[in-house]
Structures are given as structure tokens and as C-alpha cells.
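Naming convention: chains lettered A, B, ... in sequence-line order (proteins, then strands); numbering from 1 in each chain. Values below: all heavy atoms of this structure, side chains included; hydrogens, waters and symmetry mates excluded. Source: prediction; values computed, not measured.
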Amino acid sequence: MAFLDRFRNPNLTFLAHPHPHSPDKPILKVEGLTVEYDSGAALDNLTFELQRGERLAVVGPNGAGKSTLFKVIAGVLRPSRGLVEVAGHEPGGHICIAYVPQRTQVDWSFPATVADVVMMGRTGKLGLLRWPTHHDWQLVKQALDTVRLLDLADRQIQQLSGGQQQRMFIARALAQEAELILMDEPLTGLDSRAQEELFSVLELLHSQGVTVMVALHDLKIAGERFDRVMLLNRHLVGIGLAETVLNPVQLVDAYGSHLRLLPGVDGTLALGDSCCDDGEHDHA
Amino acid sequence: MLEVLLQPLQYPFMLRGMAAAVLVGIVCAVLGAYVVLRGMAFFGDALAHAILPGLAVGYLVGGGAREPLFWWAMGTAVVSSLGIGAVSRTARIKEDTAIGIIFAGMFALGIALISSVRSYTVDLAHFLFGDVLGVSTQDLLLTAVFGGLVLVVVFLFYKEFMILAFDPVLAATLRLPARLLDNILIVLIAVAIVVSLQTVGVALMVAMLVTPAATAYLLTRRLWKMMALAAAIAAVSAVIGLYLSYYFNVASGAAIVLTCTAVFAMVWIATSLNRRIRAVAR
């Protein structure tokens, strides 16, 4: 059944188009990226690069275009202008990019166990008309073990705590064999212990050479836990080490009137992101 | 007691009707899992109504014969299901509004066409509410073939349909052919509606898609179990419904749907009570 095999093989079929990776190219290269909606520019002329295994925090006010940026990099949304390359090729053909959704955007009452959701990550590798093999279930177990959820594999997903839900999606990204993981506000609603557990998993990903981009609200965590920080407010305010990027001038540029600069006890500035939920900002 | 159960079965039309109702119940329940999870109940209901002009034309062309009815309904269902998909993607109005406009218009056209025939009320009633006891051997065969086809396709694309229902963004990052798969699902719903026409009719169709699946949703935590349980509930409800229709002389489609609804109500009350008790115990 040569025809059937051809149809089923995800590397050959027209139904999935995994691009080859060029190892000499950066894992992510963005040049002049612009996304325009009817209401105006959501992202304006972004240019930056990410190296393999890097951890990048993306911070900025609500409506800064963080989710839009992630969706373009994931190849879910087409940019209006500019170039996005993942490992040297446009993102639309990659199945090595994982997007971890915000927890509020997931239907947690969906009839699926933790293992079922993680197995969804294998679908790209499996191809159409194929059922998971023993090998695939083994990979799912491994991924669950890595994020320390193996004992909860048969739970319905609603029974997990917030931190466990985030780690389940990381396990799904691992099962997908993702090399670039995009996480949209994973810390929102997590207590400090759950945050710690999430960071120890991120540490593990880092040691395996997986590149992660994480959208955040907490500037302190962004500075302490990530290799580099990107400050975004539709345009790229700055990207680099936290000490250089998160300076008062650029922070005011990014947050505008929503930033409170307060004199601290020892003469430094305490920053408050008084971000609102309206999602639309005019900043000077 | 045995006499009560066996007596209706001595009539061949009753046996055929029961076989058709069970088949249709299973097919609709399995597919209904996706209808429930993706919130497509209104779409299913509207699509069922939109088939009416196709039925009317088949009826006028075939002079009351069964087979042209089936094919005309099938054609109309597939065309209007894909049409609404296209309109909802491109129109500047909301999807449910677009569905409402198109499908109500189609339904009105169907009624207009049928009303031009003399025996209008009887025929319209059969289209609207089904005529399961009039199922012929050939009808049964068509139902089995197309119902089986629906189940096979659902089985083949199980994991892809599950991802599209749970996480469309994942479907996109895995580069699944989402548009194609969505269209396949829509056509499957259209086919399921057509094979169910004789059992429950246009007006009650949506209950077969939604009620058993929703009942199973309350009771299970995995998709394949939800499908299996929904199929079982639908099959049992079909049989019970037909017995009720036989002994109490009620319209068979209505009796089947009422049985499904009663099962849902019992399960809903039981699970709600159970949750209350657990919450108190904690």
C-alpha cells in the first residue's frame, strides 16, 4: 500500500509540511514585523533574534501585542509585513513550535484526561489516520514524568490545580517535541509555590536546549528568572539584559500613564504596573 | 410482561422502525459529542430545517416516491452546510445571525413548495416529525450504509476532531488541515440529519444530535467514553420510545425524543444532587 503510506507519512503528505531546520540559523529571527488590524497596528516594525536554548521574558501593558506576537511566531496569524523565520524557515511549516494558551482560554470541562491532552501533542508527528502506538504513550509518560504529573495522568483536566494545568501544557509541548515554546501569561493566578514549580520545569527545559518565550506581568520575575527581557508596547521598546532594558525612560515609554514611579527607601525606584483591563491604550 | 415486550415485534414495520431508530440514535449520538463540545446545536437545528426545500423538490419530482426524497435531501444538506460555512467565514455579520437568515429562508421556501401540493398537511407532518413506522427495507439499507459511513469517518479522524474541538490554536500549530476537517465534520452532520429524517423528522432532529451526547457529557470524563455512552443512551431511548409510541399511541419521533429528554433530566438531577452532597460532605 505504497499510496497509503505516502498519504500517512507526515513528512511527505500535503497535509503537514514540516520544514527542515538549518542549524546555523537562529531559532527565531524577526525582521520588520508589522501586524495591522482594522483598528490599527497591533505590532509595529519589530526586529529581534533568539538563540537556541534562550529564555526570553516578554513584558508590556495589556494590549501591547504580546499574544499577537506569539500567534505570528507560532504561524497561526499572518503578519501584514515583515519576516519571521524559525530555524531558518517561515513558521507555517514547522510543527516544533508549541503555544501554551492562557488558562482562561481553555475549556477545562472538556472530556479528556491529562494523558489525553498531552497525547494531542503527538498528533503532528503521527500524521492523519494513524493511532498512537506504544512508543507514543511512552513519550507521553516521559513528558508527564518530566513535569512531575505522572501520578495525575488519568485525572480529568478540571481536577488539576492552576500550576498543574500549566505544567500539563508544557508536557504537551514536550510530547510535541517542540523546540520553541511560547507561553502566554503562565503565572497569572498561580501562588508562589506553584510559580516555583513552574520555574523548576522551565529550568529543566533550559537544560534540554528548549527555547522559551514567556509573556509576563511581573517585571521583577522577568528580570530575575530569564536570560533576556523584551519590553513591548506595539513597537519594540527594548530587548536585552533586564538591567539595561528596564530603565525608567523605557518603562515610561512602554507603560505610559499606567506606570507609577515612586521614590523608594534607598533612593531607587519602585515600579507599579497599574495595568488595566481595557486593552486599549494611548500612550504619549 | 414478556407478552408486552414481544407483541409489537410481530409486526415487520415495527421491527424495521426499531432498527432504523436504533441506528440513527447511535450515529447521531456519536457525532453529537462534537456538536455538544463545539457548541453547534443551533447550526444542527438550522441545517435540519434548511433541508426542507430539498425534500419538497424531491417530493414534487418523484411524485411521493422515497428514493428521490433521500437524494434530494442529501444534496440540499451538503450544499447548505458548506454554504453556511462559507458565509459565516466571509460575512460581516455574526455567524448565528447568518445561520438564522439563511436557514429560516430555506425553511420558508420548503413550506411554500410543499403547500403547493394538495395533500399538504399530511406530507408536511411526515417531513417535520418523521414517519419511523413507514421505514422500508430499502430505507433501512440506506440508513445503515450512510450511518456506517459517518461512524467510520468519525473513527478515522477521531484525534483530529478532538483537537479541533478542544484547542483550535493547537490544531493550527500542528498544521492540521483545519478548514478541510471542519468541512468534513459539517458534511457528516448533514448526512446524519438526512438519515434521521424518517425517524424523528426535521423539527426534532436536533434532539437526537444533542440530548444523548449532553447526557453522556454529564457522566464521563473521556471523549470516547462519552461517545459510547451517548450511543447506548440513544439506542435504549429509541427502543423505549417506540414501545411507548405503540402502547400510548403517540407520535413515534416525539416519543423517542421525550425518552431522551427524560433520561437527560434524571441524569442531570442525579449528578447535581451528587455534587451537592459531596460539597456538603467536604
Side-chain angles (χ1 to χ4, degrees), chain A residues 10 13-19 67 70-71 73-77 91-102 105-117 119-132 136 154-159 169 172-173 176 178 180 182 184, chain B residues 29-30 32-40 92 152-185 212-231 271 275 278 282:
Chain A
T13 165
F14 63 99
L15 296 166
H17 339 267
H19 275 323
S67 296
F70 281 9
K71 286 194 171 132
I73 295 171
V76 176
L77 191 71
H94 287 278
I95 57 169
C96 67
I97 311 164
Y99 178 83
V100 174
Q102 292 187 28
Q105 291 181 352
V106 175
D107 172 14
W108 292 105
S109 65
F110 195 88
T113 61
V114 174
D116 287 338
V117 170
M119 181 55 89
M120 288 179 190
R122 294 297 306 155
T123 303
K125 296 275 177 189
L126 279 168
L128 287 177
L129 305 182
R130 282 217 168 142
W131 289 81
D136 294 301
D154 293 329
R155 292 278 181 92
Q156 202 272 333
I157 52 178
Q158 198 158 34
Q159 297 174 318
F169 279 122
R172 188 175 80 178
Q176 191 185 331
L180 174 60
L182 312 164
D184 205 349
Chain B
V30 170
Y34 291 122
V35 175
V36 167
L37 293 172
R38 298 187 58 165
M40 295 170 80
R92 283 186 305 276
V152 167
V153 177
V154 167
F155 176 78
L156 287 178
F157 295 111
Y158 175 80
K159 64 184 192 306
E160 284 81 11
F161 284 150
M162 174 158 75
I163 290 176
L164 277 169
F166 178 64
D167 188 349
V169 175
L170 178 71
T173 56
L174 293 176
R175 317 304 168 204
L176 296 180
R179 177 78 57 90
L180 177 68
L181 288 166
D182 275 346
N183 281 338
I184 291 175
L185 184 66
T215 312
Y217 176 79
L218 295 177
L219 293 169
T220 51
R221 292 167 185 173
R222 297 190 77 180
L223 182 55
W224 66 267
K225 285 185 184 167
M226 175 178 166
M227 289 175 165
L229 189 63
T271 49
R275 204 179 305 159
R278 275 200 206 166
R282 221 179 277 160

Undergrad: Roughly how far apart are Thr113(A) OG1 and Leu223(B) CG, rounded to 0.5 Å?
TA: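 If we round to the nearest 0.5 Å, Thr113(A):OG1 and Leu223(B):CG are 11.0 Å apart.
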
Undergrad: Are any of the side-chain heavy atoms of Val169(B) and Phe70(A) separated by less than 4.5 Å?
TA: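 No, side chains not in contact.
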
Undergrad: Could you tell me how the ring of Phe169(A) sits relative to the ring of Phe166(B): parallel (under 30°), tilted (30 to 60°) or perpendicular (over 60°)?
TA: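 If you compare the ring of Phe169(A) with that of Phe166(B), the planes turn out parallel.
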
Undergrad: Looking at chain B, which one of Ala98(A), Ala178(A), Ser109(A) has the largest number of heavy-atom pairs inside 4.5 Å, strictly under?
TA: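 Among the listed options, the one with the most contacts to chain B is Ser109(A).
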
Undergrad: Is it the side chain or the backbone of Ala216(B) that comes within 4.5 Å of chain A heavy atoms, both, or neither?
TA: neither

Undergrad: Within this structure, what is the CG-NZ distance for the pair Asp116(A) and Lys159(B), rounded to the nearest 0.5 Å?
TA: 13.5 Å

Undergrad: Most heavy-atom pairs under 4.5 angstrom with chain B, which of Arg155(A), Gln156(A), Lys71(A)?
TA: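 If we count pairs closer than 4.5 Å to chain B, Gln156(A) comes out on top.
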
Undergrad: What distance do Leu174(B) atom CG and Leu126(A) atom CG have between them, rounded to the nearest 0.5 Å?
TA: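 The distance works out to 10.0 Å.
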
Undergrad: Test of understanding: with side-chain contact (heavy atoms from CB on, under 4.5 Å), list the residues that count as partners of Phe155(B), not counting sequence neighbours.
TA: Trp131(A)

Undergrad: Please examine the side chains of Pro101(A) and Leu170(B), heavy atoms only from C-beta on, and report whether any two atoms are closer than 4.5 Å.
TA: no

Undergrad: Determine which pairs satisfy salt bridge (Lys or Arg N to Asp or Glu O under 4.0 Å) with at least one residue from residues 160-171 of chain B, sequence neighbours left out, and list them in order.
TA: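 Listed by first then second residue: Arg172(A)-Asp167(B).
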
Undergrad: If you look at every heavy atom in Thr173(B) and Ile97(A), which pair is closest and at what distance?
TA: CB-O, 3.7 Å

Undergrad: Can you tell me how far the CG atom of Leu176(B) sits from the CG atom of Leu128(A), to the nearest 0.5 Å?
TA: 7.0 Å

Undergrad: Gln176(A) versus chain B, heavy atoms under 4.5 Å apart: side chain, backbone, both or neither?
TA: side chain

Undergrad: So which heavy atom on Arg175(B) is nearest to which on His94(A), and how close?
TA: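 Closest pair (atom of Arg175(B), atom of His94(A), distance): NE-O, 2.5 Å.
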
